[in-house]
There are 2 protein chains.
Amino acid sequence: MTAPAAKVRRGRKFDQVLNGAREIFMRDGFEGASVDDIARAAGVSKATLYSYFPDKKLLFMEVANTQCALQADEALHTIDMSQPPSIVLPQIGNSFLGFILSDMGQRIFRICVAEADRFPELGRAFYNSGPKKVHGAITDYIQAAADRGELRVSDCALAADQFAELCKSDIWPRLVFGISTSFTKAEKARVVDGAIATFMARYGV
Amino acid sequence: MTAPAAKVRRGRKFDQVLNGAREIFMRDGFEGASVDDIARAAGVSKATLYSYFPDKKLLFMEVANTQCALQADEALHTIDMSQPPSIVLPQIGNSFLGFILSDMGQRIFRICVAEADRFPELGRAFYNSGPKKVHGAITDYIQAAADRGELRVSDCALAADQFAELCKSDIWPRLVFGISTSFTKAEKARVVDGAIATFMARYGV
DNA sequence: GTCCATATAAACTGGTTGGTTCAGTTTGGG
DNA sequence: CCCAAACTGAACCAACCAGTTTATATGGAC
């Protein structure tokens, strides 16, 4: 499942190549990154690089998948399914916002969005290893809380999407278009608290 | 204000160039579009193109600004500030969703997001001529409705952002990562109706 | 008719790119 | 100690690109 990466040879310097690729891709984007730069950053010859990966695309896919799965899994550990919404929603909101605002999350997102038409499997891979997992986890939690009578919700999937979107209010558009690059605790609190208040107004018991 | 485009000469074939540029940029993105292609599509020689625009960036800025202002203005005309939320919110939601889903809106968005680090003024220009205007208009409406006692809201700006975000639930992530490319009326209705229900649960009188 | 700004096609500059090739060096297991 | 597999560095290729230049043509004003 996690390794659909056909045609990718493993070997001694595999991780070296992957790390160099991550560094340069994150710095320069997909088109912007040159394979020569990556090989140099990885401390590896271009020939070696091409002996591991058949082309630039597959190399990038490997980087994106690895990073995304890593970040998403980490974020999901913070959810304690047995706690009530008043405890869990702030946790979800904050860690979700943290991921959205992180340098890594932002850059992968940028690259995926940019390349999504000419490179559709990339967008899908990113979606599956990131947003989809998070969405599934939130949905599951909402369902569990509803079963316990802590929430009243008929369309759990939509509720999960709504909560995630609410957490991006104001901050995310400003970030994505480069209006602001960092946000104060107060700004984040305003958004997360607002998201929870709106969510609970609709779905609270 | 709307024409920071210094150094852009107007003239007979100005619109021709602009149209060709729009076509190719929308098809191939910023990096992907070659100036030769644009000149060919515009039915103009490369020398002529460069006599109007000093470089590729400025040409793209002009295209993006023009398109974005056009789309945003059109969308804003649909808001009748004097009507109650039960009338206006569906209008806003639908036309907002329409813009988000439109080929043009989506492509400009993609390009802006992709190029935002290496080309920051583009992101800012897009934000100002699009999202910012829409956000301002929604905020104004919410304020007006609140003044009439039709809504109860303390942070109008945040409420506006929340409504816009709510309208993107589910649909937008799937679109942006290429999971789905078109949506049924039912799918859109589910999201817009859900957005309104959640919004009104929090802010309704 | 001639002048002048504007337009043209095409060649050219100087550069970058992804990907290949290959002669030779390093590495590690048996 | 030896050999095969892995790795290296550098040259190489064909394609593509933004932007400039040149020599030529058009067409309206006087």
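Numbers restart at 1 for each chain; the letters A, B, ... are given by sequence-line order, proteins then strands. What you see below is based on every heavy atom in this structure, not just the backbone, and it leaves out hydrogens, waters and symmetry mates.
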Discussion item. Both conditions, 6.0 Å and 45 degrees, for the charged tip of B:R124 above the ring of B:Y127: are they met here?
Written reply: no
Fill in: Interatomic spacing from CZ in A:R202 to CZ in B:R202 - rounded to 0.5 Å
14.5 Å
Worksheet item: Base, sugar-phosphate alone, or nothing: which one does B:G43 contact when heavy atoms must sit under 4.0 Å apart?
Response: sugar-phosphate
Discussion item. Under 6.0 Å from the ring centre and within 45 degrees of the ring axis: does the NZ or CZ of B:K13 meet both conditions for the six-membered ring of B:Y52?
Written reply: no
Item to complete: Would you check if the side chain of A:N94 reaches a backbone N or O of A:P90 as a donor-acceptor pair within less than 3.5 Å?
Response: yes
Discussion item. Within the 4.0 Å heavy-atom criterion, would you say B:S34 contacts the bases, only the backbone, or no part of the nucleic acid?
Written reply: sugar-phosphate
Practice prompt. Take atom CD of B:Q16 and atom P of C:dA7, then tell me their distance rounded to the nearest Å.
Written response: 10 Å
Worksheet item: Under 4.0 angstrom, heavy atoms only, what part of the nucleic acid is A:A39 near: base, sugar-phosphate, or nothing?
Response: nothing
Worksheet item: Between B:T48 and C:dA7, does any side-chain N or O lie under 4.0 Å from OP1 or OP2?
Response: no
Worksheet item: Rounded to whole angstroms, how far apart are OH on B:Y52 and C1' on C:dA5?
Response: 11 Å
Item to complete: For A:K46, answer base if it contacts any base atom (sugar-phosphate contacts may also be present), sugar-phosphate if it contacts only those atoms, and nothing otherwise; contact means non-hydrogen atoms under 4.0 Å.
Response: base
Fill in: Check ion pair A:D170-A:R174 (N to O, under 4.0 angstrom)
yes
Response to the item:
chain A reaches DNA chain D, atoms under 4.0 Å from its heavy atoms, from D:dC7 to D:dG9
